Amino acid sequence: MKDPLVLAGREFSSRLIVGTGKYASFAETRRAIDAAGAEIVTVAVRRVNITDPAKENLLDHLPLDRFTILPNTAGCATAEDAIRTCRLAREAGVGTLVKLEVIGDPQTLFPDVPATIEAARVLVKEGFQVLPYVTDDPVACKRLEDLGCAAVMPLAAPIGSGLGIRNPFNLRIIVEQSRVPVIVDAGVGVASHAAEALELGCDAVLMNTAIAGAKDPILMAEAMRLAVDAGRKSFLAGRIPAKLHASASSPLDGLIR
Amino acid sequence: MKVIVNDEPRELPERATVADLVAALALGARRIAVELNHTVVPRAEYGATALHDGDAIEIIHFVGGG
């Protein structure tokens, strides 16, 4: 069954986007990405270590003909810093797709929504395809969609928390109203959380810590791939209504007396 | 002349360009980006972009992140 994720005018067969942080090595990062079946991977933008510039580089392990690189603005607390980071990322030659995150609070890592909207407006005008990390707030998602973001990425729960989807009803409203892909970004802990996101009708899931922080990241990456696939199929198949009481599966006719 | 590269002072020969700095750091083959005094320098302009005493340069690349 052909069921591509259409994002920023491009088709992807995988609905699992993975981060590249917190791994023990670049080799392990690559093995996890392959086990996840991911085609889009997020990376962070940081200063080159100029005292040891010859050090191995992450992109040596991620050929650009195989992976779509999604630079993030992680760590940015102002619209200005996020815009600056995106401009640098684009100049480094990995394309115009960016994950915009402007952090509003260092403890919860919840996004600064007004600053995110402000940065998105500038970046869209400059030709970026913006994927904004945002609270699971339908109004904020609508604003970001209306100003031209290529997707909206509401959080399931705080970054790295592993709490899973804390507000499935908001996500359903966001899915219902959105004409751009809805990508659940952050908060997934286990495979069932990923499946739930897709079952709710979200188009994709983005995760890092749930895989990289697992005891066996490669096995967890595979679990996430299967969960995303299962969740998507479950959504497309159309679920039965949830009911309070039982409804027998076996016929009552022909029972022995 | 003295410039600041990623917050660290660095001595460069007079009339050095961004291309010279990138070459001195052996970063030519890397996917990097350079900012000179807060403005991105396109790769095609490295050779034509002269550096001056007191310039602040940022050189970035990609690292693991979520």
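So that the names make sense, note that chain A is the first sequence line, chain B the second, and so on, each numbered from 1. From a predicted model like this one, the values you see are computed outputs, not experimental measurements.
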**Message:** Between A/R30 and A/D34 (salt bridge meaning N to carboxylate O under 4.0 Å), is one present in this structure?
**Reply:** yes
Most contact-rich option vs chain B, by heavy-atom pairs under 4.5 angstrom, among A/V41, A/V18, A/T42, A/D185, is A/T42
Assert top hit (heavy-atom pairs under 4.5 Å, partner chain A, pool B/D7, B/V41, B/T39) equals B/D7
Checked A/L64, A/L62, A/T85 vs chain B; the most non-hydrogen pairs under 4.5 Å come from A/L64
If one checks every heavy atom of A/L59 against chain B at 4.5 Å, the contacting part turns out to be side chain
Query - Any donor-acceptor N/O pair, B/D53 side chain to B/M1 backbone, under 3.5 Å - result: no
If you tally heavy-atom pairs under 4.5 Å between each of A/R87, A/M207, A/E91 and chain B, the highest tally belongs to A/E91
Taking atom CZ of A/R47 as the centre, report whether more than 12 heavy atoms of other residues, nucleotides or ligands fall under 6.0 Å from it.
yes
Do we get A/R90 above A/F128's six-membered ring, with its NZ or CZ under 6.0 Å from the centre and within 45° of the axis?
yes
If one checks every heavy atom of A/K22 against chain B at 4.5 Å, the contacting part turns out to be neither
Is any side-chain heavy atom of B/Y46 less than 4.5 Å from a side-chain heavy atom of B/L21?
no
Whatever's closer than 4.5 Å to a heavy atom in chain B on A/A89 counts as both
Main chain of A/T78, side chain of A/D81: is a donor-acceptor contact present, judged purely on distance under 3.5 Å? no
Most heavy-atom pairs under 4.5 Å with chain A, out of B/V34, B/V40, B/V5, B/N6, belong to B/N6
Among A/I17, A/D60, A/V94, A/T29, the residue with the most heavy-atom pairs under 4.5 Å to chain B is A/V94
**Report entry** Donor-acceptor pair, side chain of A/T135 and main chain of A/D137, under 3.5 angstrom
**Finding:** no
Whatever's closer than 4.5 Å to a heavy atom in chain A on B/E35 counts as both
Ranked by heavy-atom pairs below 4.5 Å to chain B, first place among A/N208, A/V43, A/L88 goes to A/L88
Rounded to the nearest 0.5 angstrom, the OG1-CZ distance for A/T68 and A/F12 is 4.0 Å
Counting heavy-atom pairs under 4.5 angstrom with chain A, the leader among B/R10, B/H38, B/R43 is B/H38
Given A/G21, A/G19, A/A92, the one with more heavy-atom pairs under 4.5 angstrom with chain B than any other is A/A92
Check: Do the non-hydrogen side-chain atoms of A/T73 and A/V98 ever get within less than 4.5 Å of each other?
Finding: no
